[in-house]
Undergrad: 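Below you will find the structure I want to go over with you.
All values reported here derive from a predicted model rather than from experimental measurement. We number each residue from 1, following the sequence as shown. Whatever order the structure lists ligands and atoms in, that order sets their numbers, starting from 1.
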Amino acid sequence: MTQATKTHRITLIPGDGIGPEVSSAVISILEAAGAATGVAFEWHRYDAGADSFEKTGEYIPQALYDSIGENRVALKGPVTTPIGEGFASINVTLRQKFELFANFRPVKNLPGLKTRYPGLDLIIVRENMEDLYAGLEHVVVPGVVQALKIITEKGSTRIAKFAFDYARKHDRKKVHAIHKANIMKLSDGLFLRCCRTVAEGFPEVEYREHIVDNTCMQLVMNPFQYDILLTENLYGDILSDLCSAFVGGLGLVPGANLGTECAIFEAVHGSAPDIAGKDMANPTALLQSAVLMLHHINESPTAERVQAGLEQVFREGKTLTKDVGGTSGTKAFAEAVLKAMESPTVHA
Ligand code: ATP
């Protein structure tokens, strides 16, 4: 075993629901991969949401903010947001606080897993701070509520720039801006104008525009026509769940919230209360989010070791969780990944 040479301090929010189960599976795999590749982790753990409120009286403790600010990198499990009432989304609050303006969600098939669209490889780049997620809602008069959709030139331009920069750097061919500017002429109209302006600086990347409802139909008919989907916040949220189904469901798709100073890596899925505490959750989505994190902190050999182990388990198809057609639990799946990473046939 290689001696650990570099230690990374990472803020860890295990989350609630299935969060603690998937987080502990992921940590065990990262620790093992790190030990084999000369990388160590110092995990700074914090609760958030209802669990934190019970212990500290705060939904997001100041110490958690401080930790993310210092470490600049966090791995986060899902945190439940009450529906229709209660405290504001922890995810949205953290994205605002640390200006994590880009939400990056690669949707890619894992080897060996039978899916509707074999070979699919698309990316959702979602604006992460504006739109109806600004949380500006108020009662105008009883029975009438107004919610404000905020779209700015600055926010739209920087997310478009992010998508095109990524396309250029990673040799992706096409960017589709997704909108509803036929109805929301001012807000989505501004978003589109910004996308068009940015696109002019990237002549090698094909630029197209699709209306969001048509996009849903087009995606189901033929998702291969898309490469990068560039979206506002709400459309990106909805399209992410739709696209996750193409590659096996929410248990698989990773995500990264990226800003200029900090980054928080978290799965696309929520806290899945229906399967929480039952050893049923698939930790793959959080594990692939952790792989994105490892690349982000320049530990690509560790990332590749984890990804190789994960893909080996999918290729064998013997120890998969129920959501992807298997019969194994979260812990057994994690054990299988650990074993696969040790196997000499898996090249890190
Ligand atoms: P949110 O609005 O908080 O993002 P959501 O509406 O997307 O949440 P989830 O909590 O992600 O909902 O769950 C949706 C469905 O997907 C549930 O049936 C849940 O069990 C399933 N699911 C989500 N994540 C996983 C996972 N990691 N493993 C297995 N099943 C999952």
Side-chain angles (χ1 to χ4, degrees), residues 13-29 48-51 59-60 75-95 100 103-108 110 113 115-116 124 126 128 131-133 135 216 231 233-257 264-292 306 310 313-314 319-334 336-337:
I13 308 165
D16 51 42
I18 59 171
E21 297 164 77
V22 291
S23 302
S24 100
V26 168
I27 299 307
S28 66
I29 294 164
D51 288 352
Y59 290 107
I60 303 179
L75 183 64
K76 179 182 163 299
V79 178
T80 308
T81 306
I83 293 176
E85 55 178 17
F87 60 88
S89 159
I90 301 302
N91 302 344
V92 173
T93 309
L94 289 174
R95 290 167 187 171
L100 306 174
N103 195 323
F104 177 81
R105 295 175 158 182
V107 178
K108 200 172 171 185
L110 282 158
L113 186 65
T115 61
R116 288 181 176 81
I124 296 172
R126 163 186 172 192
N128 220 14
D131 199 352
L132 287 157
Y133 278 66
C216 293
T231 78
N233 206 341
L234 181 61
Y235 305 148
D237 180 46
I238 296 167
L239 292 177
S240 298
D241 276 32
L242 173 67
C243 290
S244 80
F246 300 158
V247 295
L250 280 172
L252 304 178
V253 179
N257 300 287
I264 301 182
F265 295 82
E266 65 180 336
V268 168
H269 64 71
S271 57
D274 53 331
I275 56 167
K278 296 181 180 165
D279 192 38
M280 282 173 71
N282 189 344
T284 302
L286 188 64
L287 188 59
Q288 295 206 98
S289 307
V291 168
L292 294 176
V306 172
L310 177 70
V313 171
F314 273 90
T319 324
L320 300 180
T321 48
K322 212 171 160 190
D323 57 308
V324 286
T327 53
S328 298
T330 313
K331 288 186 187 132
F333 176 84
V337 176

Undergrad: For atom 15 (C) of ligand 1, find the nearest protein heavy atom and state the residue, atom name and distance (0.1 Å precision).
TA: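 Result for atom 15 (C) of ligand 1: L250 CD1, 4.3 Å.
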Undergrad: Could you check L113 against V247 for side-chain contact (heavy atoms from CB on, under 4.5 Å), going step by step and ending with a plain yes or no?
TA: CA-CA 8 Å; L113 186 65; V247 295; over 6 Å; no
Undergrad: Going from CG on L252 to CG on L286, what distance comes out if it is rounded to the nearest 0.5 angstrom?
TA: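 Answer rounded to 0.5 Å: 12.5 Å.
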Undergrad: Provide, to 0.1 Å, the distance between atom 30 (N) of ligand 1 and the closest protein heavy atom, together with that atom's residue and name.
TA: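 Looking at atom 30 (N) of ligand 1, the protein heavy atom closest to it is I275 CD1, 3.5 Å.
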Undergrad: Quick one, P106 and P254 - any side-chain contact, counting heavy atoms below 4.5 Å?
TA: yes
Undergrad: Does any part of the side chain of H269, heavy atoms only, come nearer than 4.5 Å to the side chain of N282, both counted from C-beta?
TA: no
Undergrad: Looking only at protein heavy atoms, identify the closest one to atom 10 (O) of ligand 1 and say how far it is in Å.
TA: A272 N, 2.8 Å
Undergrad: Report, in ascending order of atom number, the atoms of ligand 1 lying under 4.0 Å from any heavy atom of G270.
TA: 1 (P), 3 (O), 4 (O), 8 (O), 9 (P), 10 (O), 11 (O)
Undergrad: Does the protein put a heavy atom under 4.0 Å from atom 6 (O) of ligand 1?
TA: no
Undergrad: Enumerate the atoms of ligand 1 whose separation from the nearest heavy atom of D241 is less than 4.0 angstrom.
TA: 7 (O)
Undergrad: How does P78 reach ligand 1, by side chain, by backbone, by both or by neither, if only non-hydrogen atoms under 4.0 Å count?
TA: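 Under 4.0 Å from ligand 1, P78 contributes no heavy atoms.
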Undergrad: Using a 4.0 Å cutoff against the non-hydrogen atoms of S271, which atoms of ligand 1 qualify?
TA: 10 (O)
Undergrad: Checking side chain to side chain donor-acceptor pair (under 3.5 Å) between R105 and each of S289, S244, S240, which is the one that passes?
TA: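 The residue from S289, S244, S240 that satisfies side chain to side chain donor-acceptor pair (under 3.5 Å) with R105 turns out to be S240.
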Undergrad: Show which atoms of ligand 1 fall inside a sub-4.0 Å distance from at least one heavy-atom site of A281.
TA: 28 (N)
Undergrad: Do K76 and L94 come within less than 4.5 Å of each other through their side chains, counting heavy atoms only?
TA: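 They are in contact (side-chain heavy atoms under 4.5 Å apart), so the answer is yes.
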Undergrad: Given side chains that start at C-beta, do those of I90 and Y59 come closer than 4.5 Å, heavy atoms only?
TA: yes
Undergrad: Would you call Y235 and D131 a side-chain contact if the rule is heavy atoms closer than 4.5 Å?
TA: no
Undergrad: Heavy atoms only: which of V253, L286, T81, D274 lies closest to atom 18 (O) of ligand 1?
TA: D274
Undergrad: Identify, by atom number and element, the atoms of ligand 1 in contact range of H269, meaning under 4.0 Å from any of its heavy atoms.
TA: 11 (O), 23 (C), 24 (N), 27 (N)
Undergrad: Rounded at 0.5 Å granularity, tell me how far CZ in F104 sits from CG in N257.
TA: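 Answer for the CZ-CG pair, F104 versus N257, is 12.0 Å.
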Undergrad: Counting only heavy atoms closer than 4.0 Å, does ligand 1 sit against the backbone of T284, its side chain, both, or neither?
TA: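 Neither part.
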Undergrad: Does the protein put a heavy atom less than 4.0 Å from atom 27 (N) of ligand 1?
TA: yes
